[in-house]
Amino acid sequence: MVPVILGLSFILFSIMELTPGDPARAMLGEYAPQEEVEQLREQMGLNDPFFVRYWRYVWNALHGDFGVSYRTNIPTVTEIKNRFPATLKIAFFAVLIAVILGIPVGIISAVKQYSAIDISSMVSALLFTSIPPFWLGLLMILLFSVKLHILPAVGSETWKHFIMPAIAMAAAQMATLVRMTRSTMLEVIRQDYIRTAKAKGAAPARVIFIHSLQNALLPVVTAVGISFSNLLGGALIIENVFGISGLGTLMVESVTGKDSPMLISSVLFAALVGGFVNLGVDLLYTFIDPRVKSQYLKRGAK
Amino acid sequence: MTTKLLEIKNLYVEYVTDDARVFAVNGVDLDINEGETLGLVGETGAGKTTTALSILKLLPERVGRVTRGSISLEGKDLTRYTEADMRNIRGEIISMIFQDPMTSLNPVLTVGYQIAEVLKIHKDEKENRQVDERVDEILKLVGIPPERKHDYPHQFSGGMKQRIVIAIALACEPKLLLADEPTTALDVTIQAQVLSMMNELKRKLRTAMILITHDLGVVAETCDRVAIMYAGEVIEAGTVEQIFDPEAPHHPYTVGLFGAIPDLTKKTRRLNPIDGLMPDPTHLPEGCRFHTRCPRCMEICRTQRPALREENGHRLYCHLFAGGER
């Protein structure tokens, strides 16, 4: 994880360096005199060589100082702390909806393969993976806010504000989960140990929930983890559509404002969160599959 | 005379897929008495496993189905049983050991749980403590230390896994055990161990067994009676003595099977396989199914089905012996 963060910070730093635009100019405004801009550049250390500045950034970061936003003068860490909860809430609800609906539907369509339920759920899954989330979001705003006046269109003040964005984000994730659960379940159902379970006289519910589900869960959990960390990294478009000030909007604002400390910090933060989610998923594996667990134990014993 | 435990009459099984109809079992007659071991011998694809699966009604869903015939357990026709009725039969009265022990145990459940499960399904009046005791007992019976019941299948070797599979199959002391090539996936020394263990357990528990194999050596060691299958038909059946008697009349396929076993006392440079392959089960040949590969094929074999010739329970379907003479 450390090399990933270090590499990422270097790439981000380089990109911000190479793209046109002057942060000092952006801060002072278009009509500020050239001398003032130069003075500010000197003050901010922008005239130092690239590697000196990168080293300074890393050194400060190691001491817990991730810089101050060029635009607002608020420490980037504080800014992220303010913005992240909104993103976390949406991502959490989106994943929750996707899991609660996606996995059971996937199981049902696997068990009743080629039935009407299976076909209709597969068709709608295909539909939802193809629909861009922002479009779905806009349609929902039109229906629920503009026409029916049930839900607020923008903002992130009450729980009502989170319903639509969470659903808009969940739709695509849910569709992939349905397809994934279905295909792994179908694979597991064909295994020999399922036949053994049936030969024991186990009832269908027992065969599905005790013998099949746990075996089918591994790839599904991976998929959930990936989609969760993606959503946490900020759903830029969805947050913009619904006017939620989360991590995604923060990143977009930073890019347009040439606010490199803010951008670097927020992307690094997203990477860190992704890393932790993946770690959590890996730990979860050991509870699902005893084979993975004994692999880790063996390595530890050496 | 002991009573018939299981009687299969004129059984036909088909597999229907999108592009073909496979005639897997075509008019099989089999019966087995209490405590008896019947060997079911034949090449891969002869319909042995399909026959066993149709007894338990575990044919692949939507694809395999019994089209004709009856399977009766102690006089009751299993083909008319519903799924719920069959669940009470499976594991309790008839249980099955599958071919590959590597894949027939669930990798995420402890072996103890997998053994206890079959007990819990069928003996629901039993207390948990009793189930635990029974699991220990049955593990000891198959020669595995009971303290290993908390381990997962991947922590066992192939031979031990097969012992666990056998333990699951025998946990409820079934009347009939269907053993589908129980030793094929194991190496020779373990094979011998597992077979002698199965023989011993069978005697102890007085379980009847249908042993599916293609190993005639295994048949000679363990079986009372033998049925030889070819292309979904029983072509010859009798006691082990009758089938292994070189003087008695035999189906050319049986002769071929025995001929394929290398003889240590003779100097031979090559093995003697039966020429050709099993006929395509989607387009079975006319007349005798074996005529395309038969070294003693006659004109009549190509057009007419051979009739049954029975002598002291030794059943034989071949035109060569139709008139009674050899």
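Being a predicted model, the structure only gives us computed values, none of them experimental. Chain identifiers are assigned alphabetically (A, B, ...) following the order of the sequence lines, protein sequences preceding nucleic acid strands; residue numbering begins at 1 within each chain.
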| message | Give me the atom names and distance for the closest heavy-atom approach of Pro107(B) to Pro290(A). | response | O-CG, 3.3 Å
| task | Supply the atom-to-atom distance Leu119(B) CG to Lys200(A) NZ, rounded to the nearest 0.5 angstrom. | result | 9.5 Å
| said: A quick test of your reading: do over 12 heavy atoms of other residues, nucleotides or ligands sit less than 6.0 Å from OH of Tyr285(A)? | reply: yes
| Residues in salt bridge (charged side-chain N to carboxylate O under 4.0 Å, His left out) with Arg190(A), at least two apart? | none
| said: When you compare the side chain of Thr196(A) with that of Asn106(B), does any pair of heavy atoms fall below 4.5 Å? | reply: no
| task | For Ala202(A) and Ile121(B), work out which heavy atoms get closest and say how close. | result | CA-CD1, 3.7 Å
| Pairs of heavy atoms under 4.5 Å with chain A: top-ranked of Glu83(B), Arg90(B), Lys57(B) | Arg90(B)
| Are side-chain heavy atoms of Gln214(A) and Leu109(B) found at a separation under 4.5 Å? | yes
| Does Arg206(A) have any salt bridge (charged side-chain N to carboxylate O under 4.0 Å, His left out) partners at least two apart in sequence or in another chain, and if so, which? | Glu117(B)
| said: Please classify the contact of Ala203(A) with chain B as side chain, backbone, both or neither, using a heavy-atom distance under 4.5 Å. | reply: both
| query | Side chain, backbone, both or neither: which part of Ile194(A) has an atom under 4.5 Å from a heavy atom of chain B? | reply | neither
| query | Quick one: which residues of residues 155-181 of chain B reach chain A at under 4.5 angstrom, heavy atoms only? | reply | Ile168(B)
| field | Selection from Phe98(B), Tyr152(B), Tyr113(B) maximising heavy-atom pairs under 4.5 Å formed with chain A | value | Phe98(B)
| field | Leu88(A): partners by side chain to side chain contact (heavy atoms under 4.5 Å, CB included), with sequence neighbours left out | value | Phe84(A), Leu232(A)
| Given side chains that start at C-beta, do those of Arg195(A) and Pro60(B) come closer than 4.5 Å, heavy atoms only? | no
